[in-house]
Amino acid sequence: MDEIDVPCHFLCPISLQLMRDPVTVSTGITYDRENIERWLFSCKNNTCPVTKQVVNDEDLTPNHTLRRLIQSWCTLHSSHGIEQLPTPKPPVDKAQVSKLLNDAKRFPHMQLKILKKLRSITLESERNRSCLEAAGAVDFLASIIKKENSIYWVDEKAADDDDESEFSRATDEALAILYHLKISEKRLKTLVSSSNDGGGEFIESLVQILKHSNYQSRAYSTMLLKSIFEVADPMHLISIRSHIFTEIVQVLRDQISQQSSKAALKLLVEVCPWGRNRIKAVEGGAVPVLIELLLEISDKRACELILIILDLLCGCAEGRAEFLKHGGGLAIVSKKILRVSHMASERAVRILRSISRFSATSRVLQEMLQVGVVAKLCLVLQVDSSLKSKEKAREILKLHSRVWRNSPCIPAHLMSSYPSSS
């Protein structure tokens, strides 16, 4: 396609790619619908990218003439591998979505079929997703999740007899739609705060899905919980129930998907600093699971998130005790220093600082020597690491210099940087 001369008016002004569904805004500029809708809805802009004049999201008029020209051009160049562009579906409006929602409420036997239709609409465009949210789809979908899961957990035997029951499939569809809607922060806050129980019923329903549902729904539930807790107020964060941590840790243990694992890690980063959540996470089995993940993964961001959480958990005695129970904790944290990023190194050194200050038994101090922790801390002082990492490494080495300073476990070229204890 690079060798074919594409007429410039066939290209979207935003991305310089071939237009698939050209629409004209009120300023007279034509864009590809997907690109301009992403600009208006996802990026929260309200101006024409070219003229900078204010435009309304309703002012997207299909440019049928240009679309037919583009389709003709694609047909003419089909021998070069250019595919024929299909005629785009018209976007839905709020009235159409409202009718679908009302039909789903009035005719329960049609609910699953309507949910599948709503899912298809959701996946089509940014504008459709915004339209669904504006029409009240979020509350409707949340009510399905709360209602159907209430039925499910009251009558578990019936659910076990028919895993593909109507209500479980409806819940799966509702979850998928809620995830793909990419609910706005404002709407997420309203979803939680508008409930009589402060959103607890909806959150509890998501947790039950984590506990009992299929992998895909568990992934969606994890990502929705992450989004909810990111916008929750401190009172909600402080009062998170212990069993939520158990189920989030299980998601990490099962490694459902890379996306859900990162969502679970971000959730723990968000909630662990509040109240007794560090202890709840430790009691939920987070520490050994995080260490095992750190042993396996190489993804930079995932490593950083794990080290952030371990740093938080090692801030309490329970967390440090669990950390030291694992035979590979000290070694793998030390190994990540200077190998991932400055942030990861700082967090790893902070973890070692917590251990060395509050849990430094003679056994622990000897283990830190044997697995190379002390040598790595000396190396931190020699290389181009962050000032914070150097300061904390120096503090740790000074704190236990009487035990470590003359150890044969530290190579001579590193021992030269060992700080004076005075």
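- Between the side chains of E346 and S386, at least one donor N or O lies within less than 3.5 Å of an accepting N or O.
- For the atom pair NZ (K146) and CD (E204), the distance works out to 12.5 Å, reported to the nearest 0.5 Å.
- A heavy-atom distance below 4.5 Å is found between the side chains of K376 and L338.
- Between E126 and L40 there is no side-chain heavy-atom pair separated by less than 4.5 Å.
- In this structure, CD on E37 lies 13.5 Å from OH on Y31, to the nearest 0.5 angstrom.
- Between I70 atom CD1 and T75 atom OG1 the span is 12.0 Å, to the nearest 0.5 Å.
- With hydrogens and angles left out, the side-chain atoms of Q250 and R253 include a donor and acceptor closer than 3.5 Å.
- The CD atom of Q255 sits 5.5 Å away from the CG atom of L293 when rounded to the nearest 0.5 Å.
- Separating the CG atom in L268 from the CZ atom in R278 is a distance of 13.5 Å, to the nearest 0.5 Å.
- For NZ of K262, the number of neighbouring non-hydrogen atoms (other residues, nucleotides, ligands) closer than 6.0 Å is greater than 12.
- The two residues I36 and P49 make their nearest non-hydrogen contact at CD1-CD, 3.9 Å.
- Between L118 and L101, some side-chain heavy-atom pair lies under the 4.5 Å cut-off.
- Side-chain N or O atoms of N214 include one that pairs as donor or acceptor with a backbone N or O of Q216 at under 3.5 Å.
- Looking only at distances, a side-chain donor or acceptor of S354 sits under 3.5 Å from a matching main-chain atom of R350.
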List the steps and the verdict of side-chain contact (heavy atoms from CB on, under 4.5 Å) for R357 and E395. CA-CA 10 Å; R357 288 182 66 189; E395 178 187 340; 3.7 Å; yes

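- The side-chain heavy atoms of H326 and E292, taken from C-beta on, include a pair separated by under 4.5 Å.
- No side-chain donor-acceptor contact under 3.5 Å links H243 and Q208.
- Inter-residue side-chain proximity for F202 and I228 is flagged as met; some heavy-atom pair is nearer than 4.5 Å.
- The closest donor-acceptor contact from the side chain of D21 to the backbone of R33 lies at 3.5 Å or more, if one exists at all.
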Using side-chain contact (heavy atoms from CB on, under 4.5 Å), reason through V373 and I396 one step at a time and then give a plain yes or no. CA-CA 11 Å; V373 171; I396 298 168; over 6 Å; no

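- At least one donor-acceptor pair under 3.5 Å links the side chain of N277 to the backbone N or O of V271.
- Judged by distance alone, the side chain of S213 and the main-chain N or O of L210 form no donor-acceptor pair under 3.5 Å.
- Looking at E322 and K325, a side-chain N of the basic residue comes within less than 4.0 Å of a carboxylate O on the acidic one, giving a salt bridge.
- Within a 6.0 Å radius of NZ in K388, other residues, nucleotides and ligands contribute 12 heavy atoms or fewer.
- A donor-acceptor pair is defined here as one N or O able to donate and one able to accept, closer than 3.5 Å; such a pair exists between the side chain of D32 and the backbone of R20.
- The backbone N or O of S217 lies less than 3.5 Å from no partner atom in the side chain of S221, so there is not a single donor-acceptor pair.
- No donor-acceptor pair closer than 3.5 Å links the side chain of K226 to the backbone N or O of A264.
- Heavy atoms of other residues, nucleotides or ligands lying less than 6.0 angstrom from NZ of K390 number more than 12.
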For residues 174-184, tabulate all N or O donor-acceptor pairs below 3.5 Å that involve a side-chain atom, not counting sequence neighbours.
unit_1: Y179; atom_1: OH; unit_2: Q259; atom_2: NE2; d: 2.7
unit_1: H180; atom_1: NE2; unit_2: Y220; atom_2: OH; d: 3.4
unit_1: S184; atom_1: OG; unit_2: E133; atom_2: OE2; d: 2.6
unit_1: S184; atom_1: OG; unit_2: R187; atom_2: N; d: 3.3

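- The shortest distance between side-chain heavy atoms of F323 and L313 does not fall below 4.5 Å.
- Under a 4.0 Å N-O distance rule, the pair E391/R394 does not qualify as a salt bridge.
- Put simply, CD on Q370 and CG on L365 are 11.0 Å apart, with the number rounded to the nearest 0.5 Å.
- Of the possible polar contacts, one joining the S239 side chain to the M235 backbone as a donor-acceptor pair under 3.5 Å is found.
- Remark: the E283 side chain and the S242 side chain contain no N/O donor-acceptor pair separated by less than 3.5 Å.
- Of all heavy-atom pairs spanning P22 and T30, the tightest one is CB-CG2, 3.8 Å.
- At least one donor-acceptor pair closer than 3.5 Å links the side chain of T190 to the backbone N or O of K186.
- Residues T361 and L324 are not in side-chain contact: their nearest non-hydrogen atoms beyond the backbone lie 4.5 Å or more apart.
- Side-chain contact between H64 and R68: present, with at least one pair of heavy atoms (C-beta onward) separated by less than 4.5 Å.
- Remark: E270 does not engage K266 in a salt bridge, criterion side-chain N to carboxylate O under 4.0 Å.
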Step by step, work out the side-chain contact (heavy atoms from CB on, under 4.5 Å) result for L141 and L132. CA-CA 11 Å; L141 297 167; L132 260 72; 5.7 Å; no

